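Since the structure comes first, as structure tokens, the remarks are kept for the end.
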Amino acid sequence: PFSEEASVSDKDTEALFVFGGLINFSYICAELILYQRLKQIESMKTKVLLAAVAVAFSFAVTSCGNKKAADSNATEADSCCAAKTEQVCDSAKACCQAADSVLFLLIETACNSPSQSIKNTDLVAEDSICFPIDEHTYYASKSIFQFEENGHEYLSFLDAEYSQKINIYDIKNQKLIKTILLQKEGPNGMNVLSGCHPLNLNHFIITSWNGTFSLVNDKGEIEKKFDFWEKGVNFQEFDHISFSSYSYKPAIIKDSILYFSQSFLKHPRKKSDWNKIPMFAFANLNTGKTGWSELRYPLIFNKDEDFKNVKLYDPEICYTYTGKDVVISLGQYDSIMVSSDFKHKISYNAKSRYLAHAYPHLQDGQIDLFKNIQIQGKLPHYSHLMYDKYRKVFYRFALMPDDNIKPFSNNPHQSFSIIILNKDYEIIGETKFPGNTYAHHLCFVGKKGLYISENNENNPQFDENKLVFRCFTLQDRKK
């Protein structure tokens, strides 16, 4: 039942609070601490450091070669390490193996040659679609995924809030066609659900915060179950597993191996450890063997974690899958990374023109929770990364800094932009969206375009009894 063609391809604070009520108190506290933000890294203060940066910058320009200048309005650039071979990438580690702090960012800027793409592509609003929901279904699902079967287009919708079930909607006819009830106890019991990825109309992968995932049929029966934490929570072995659309993490199945991301594995981590930390773990669906991929994090985290004083990093990994390549975005990193073998990676610039350079920030769990959330909202930040297989483009979401972040909300007032990249990972456009209108966490790619939810509680048209999605299509900007 595991289809190779199904693209069957940490969460921020609010998501954890949603699921946290079903988890023991100590585990909640640990996760909450991990999902806070620290104040921005201090700027360089000495002329000696500035001189060092200047030398490094000069070296980087020389080593990467001179490139033609692009349009004066084109501030984004492609990495010089966007080479087609890993050998080239390995020879330019100043670009690909991200050094830490501001020094790295300047070097990366020098290594990025201006994109030759004309950045005149926009996302333009079209018609909306609407699915009715009943009083027992919560509109703000953390796991919605589009899929196709026999030429028909469907949307799976996990409700882990009001009732534990999966709704399947026919996108064209905008109707609910099936509901799969999930049990909490007994031989088919599943608790603290964190995600659901559809394989087809009859089979789904359900993930839980307790370190398990299950293959479930359309009767809610568990056909196969994997447990990564048989002896209890152990982040030295594996991180928890979640196939979520809230911060985009679809299931990836390649050669009968299921891959899933790792964010808090082996903490506390030293700044020199990150290129040894796997970005993904895997489970062989035939043999049951589990392990870690050879794909490692970049060296962009410039401080050691301090578990005793609760100072840790959350990479905020999101990823998408093309059927060939896994493409990865980190929450506070300008570049995206591409790997075709879960071993080697190549970095490409994917910076928003609306944001300052993004730096990973060590999170301080000793700071007041609400204050940490407000600090987080003021930082440059990236969210979803999605692949549009119909138009062969990528969408990267950039969240605009906001002084009015409200704890435990979906930040419905927050504005955002979507960076559009072509199949060669070149930026071809960026569209900005207003706050108080859309719920950017609720979105999916369909045959017609990119669908973004209008279930924003500040939207005058908001109705909790409907799922409303606005379709956006790609259009060239008029000159």
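Given the structure is predicted, the values throughout are model-derived calculations rather than measurements.
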So, [X] and [Y], do they make that salt bridge, N to O below 4.0 Å?
X    : Y    : value
K378 : D402 : no
E161 : K142 : no
D122 : R477 : yes

Here the pair of heavy atoms bringing L193 nearest to M190 is CD2-CB, 3.7 Å
Run the numbers on F469 and Y451 for ring pair (Phe, Tyr, Trp, His ring centres under 6.0 Å), then give the verdict. CA-CA 6 Å; F469 294 89; Y451 290 85; 7.1 Å; no
For the residue pair R470 and Y438, would you count it as a cation-pi contact if the rule is NZ or CZ under 6.0 angstrom from the ring centre and within 45 degrees of the ring axis? no
Would K432 count as a cation-pi partner of Y354, with NZ or CZ less than 6.0 Å from the six-membered ring centre and within 45° of the ring normal? yes
Would you say the side chains of E223 and H203 form a donor-acceptor pair under 3.5 Å? yes
Passing candidate, ring pair (Phe, Tyr, Trp, His ring centres under 6.0 Å) with F280, options F260, W292, F342, Y321: F342
Between Y348 and V327, is there a side-chain heavy-atom distance shorter than 4.5 Å? no
Taking the side chain as every heavy atom from C-beta outward, state whether F131 and L176 have any pair of such atoms under 4.5 Å apart. no
Please assess Y387 against Y248 for the test ring pair (Phe, Tyr, Trp, His ring centres under 6.0 Å), listing each intermediate value before the final yes or no. CA-CA 10 Å; Y387 178 59; Y248 199 73; over 10 Å; no
Excluding sequence neighbours, so at least two apart, what forms salt bridge (charged side-chain N to carboxylate O under 4.0 Å, His left out) with K466? none
Side-chain (S214) to main-chain (K225) donor-acceptor, under 3.5 angstrom: no
Greater than 12 external heavy atoms within 6.0 Å of E126's CD: yes
